[in-house]
Amino acid sequence: MTSTRVLDSRDSVLPVFEQFREELDDHNDRRERLIKSSRDVTNLSKKVIFLLHRIVTDDAAESDDNIGRHAAARAKGKFREIQSLFAGMRPELTGERFSRYQRNVSPGLQEYIEALSFAHYLEHKSLISYDQVQQSLCDDEGNAYFPLTLEDYLLGLSDLTGELMRFAIASISRRGGRQKASDVCSFVRNCKADFERLTPHFRELRKKQHVTAQSLEKIEDGQS
């Protein structure tokens with residue numbers, strides 16, 4: 001009798017553990033897929049940033065407006081490649097899954113925002129808005145692949161200041177470069193001041209402010 005009860009109990013428990021195992025396997029597989037996609041996004045975004053720097057260096061003889069438009073236009077194809085990767089993530093991030101796996105997507109997303117905001121600055125000499133970034137993460141009908149968190153938006157913008165520092169320093173020795181560096185310096189200084197107000201709410205942003213301060217100092221030193 002006792003052995004029968006033990007067997008019945010084991011038979012009732014085993015399906016539960018089997019379900020747990022399947023859920024854990026599904027979680028790990030999804031997490032690995034998202035991490036891989038995020039790495040692909042990071043690699044492509046770095047290539048876009050390199051492309052933008054190369055274009056503005058090679059086309060230094062052109063007017064500032066033409067350089068910016070040319071660089072942004074050349075980068076559009078690469079951005080579409082990255083956006084297709086984000087589109088592929090959508091089924092993995094529906095509903096409550098987004099909050100569970102958002103950290104796995106963040107590194108690539110922040111690198112993408114860094115590249116996108118750099119292209120936007122070169123073309124418009126302004127900071128890309130939250131709504132503009134979110135719109136770039138939507139399909140043709142305007143449906144978001146996943147929501148953009150304010151933290152990812154701000155951390156991606158914070159990384160932009162490092163690219164602007166490189167852009168400013170590379171420009172100084174060229175025609176009109178000192179004025180360009182001065183404009184970038186003012187822009188980065190304003191970004192740092194705006195980000196400072198938000199650091200109490202975002203711990204990672206507070207850490208990145210140190211790097212932004214270093215970038216600003218390098219631009220200022222380059223002008224002297």
Just say parallel, tilted or perpendicular for the rings of Phe118 and Phe167, cut-offs at 30° and 60°. perpendicular
Distance in Å, Gln209 CD paired with Leu216 CG, rounded so as to fall on 0.5 Å steps: 10.0 Å
Establish whether Leu155 and Phe98 are linked, either directly or via other cluster members, by ILVMFWY side-chain heavy-atom contacts under 4.5 Å. yes
Looking at every non-hydrogen atom in both residues, tell me the closest pair between Lys192 and Ala213 and how far apart they are. CE-CB, 3.6 Å
Considering all heavy atoms of both residues, which atom of Ser106 and which atom of Asp152 are nearest to each other, and what is their separation? OG-OD1, 3.0 Å
Heavy-atom pair of closest approach, residues Ala144 and Gln134: CB-NE2, 3.7 Å
Can you tell me how far apart CG (Leu52) and NE2 (His70) are? Round to the nearest 0.5 Å. 11.0 Å
To the closest 0.5 Å, what do you measure between CZ (Arg166) and CD (Glu163)? 4.5 Å
Between Leu34 and Glu92, what is the shortest heavy-atom contact and its length? CD2-CB, 3.8 Å
Atom CG of Asp40 and atom CD1 of Ile82: how far apart are they, to the nearest 0.5 Å? 10.5 Å
Going by the salt bridge (Lys or Arg N to Asp or Glu O under 4.0 Å) test, name the single residue among Lys208, Arg103, Arg206 that passes it with Glu151. Arg103
Report yes if the distance between the aromatic ring centroids of Phe195 and Phe202 is under 6.0 Å, otherwise no. no
Flag if over 12 foreign heavy atoms under 6.0 Å of CD, Glu217: no
Just by modelled atom types, is the Ala87 backbone N or O under 3.5 Å from a matching donor or acceptor in the Tyr145 side chain? no
Show your working on salt bridge (Lys or Arg N to Asp or Glu O under 4.0 Å) between Arg69 and Glu123 and close with a plain yes or no. CA-CA 5 Å; Arg69 283 194 293 268; Glu123 185 173 12; over 6 Å; no
Can you tell which of Arg33, Glu32, Arg31 makes a side chain to side chain contact (heavy atoms under 4.5 Å, CB included) with Asp29? Arg33
Using the side chain to side chain contact (heavy atoms under 4.5 Å, CB included) rule, pick out the option among Leu137, Leu148, Leu154 that qualifies with Ile113. Leu148
Rounded to the nearest 0.5 Å, how far does CD of Gln83 lie from NZ of Lys76? 11.0 Å
With a 3.5 Å cut-off and no angle check, do the side chains of Ser186 and Asp183 form a donor-acceptor pair? no
Is Ser158 close to Thr212 at the side-chain level, that is, under 4.5 Å between some pair of heavy atoms? yes
Within the structure provided, determine whether Arg100 and Arg30 are in side-chain contact (heavy-atom separation under 4.5 Å). no
Distance-only donor-acceptor check, side chains Ser215 and Thr161, under 3.5 Å: no
Val48 and Leu44: side chain to side chain contact (heavy atoms under 4.5 Å, CB included), yes or no, with the steps? CA-CA 6 Å; Val48 171; Leu44 276 173; 5.6 Å; no
Could you walk me through whether Ile128 and Leu157 pass the side chain to side chain contact (heavy atoms under 4.5 Å, CB included) test, one step at a time? CA-CA 9 Å; Ile128 193 169; Leu157 291 186; 3.9 Å; yes
Step-by-step side chain to side chain contact (heavy atoms under 4.5 Å, CB included) determination, Asn104 to Ser38: CA-CA 7 Å; Asn104 303 131; Ser38 182; over 6 Å; no
Validation row: Glu111, Ile49 side chains within 4.5 angstrom (heavy atoms): yes
Would Gln132 and Ser136 count as having a side-chain donor-acceptor pair, cut-off 3.5 Å? no
In one Ile/Leu/Val/Met/Phe/Trp/Tyr side-chain cluster, 4.5 Å: Val105, Leu150: yes
Can you tell me if Thr94 uses its side chain to pair, donor with acceptor, with the backbone of Arg90 under 3.5 Å? no
Is there a side-chain contact between Leu127 and His120 (heavy atoms, below 4.5 Å)? no
Cluster overlap Val41 with Ile35, hydrophobic side-chain contacts below 4.5 Å: no
Taking the side chain as every heavy atom from C-beta outward, state whether Asn143 and Cys138 have any pair of such atoms under 4.5 Å apart. no
Intermediate values then yes/no, side chain to side chain contact (heavy atoms under 4.5 Å, CB included), Ile67 and Leu122: CA-CA 8 Å; Ile67 292 174; Leu122 292 175; 5.9 Å; no
Write down the atom of Ile219, the atom of Ala181, and the distance for their closest heavy-atom approach. CG2-O, 3.8 Å
So Phe86 and Tyr112, would you call those rings parallel, tilted or perpendicular, with 30° and 60° as cut-offs? perpendicular
So that I know where these two stand, are Tyr153 and Tyr130 an aromatic pair - ring centroids less than 6.0 Å apart? yes
Ile172 reachable from Phe187 in the ILVMFWY side-chain graph, under 4.5 Å edges: no
Which value, rounded to the nearest 0.5 Å, describes the distance between Ser171 atom OG and Leu164 atom CG? 10.0 Å
Looking at every heavy atom in both Gln135 and Gly142, which two are closest together, and how far apart are they? NE2-CA, 4.4 Å
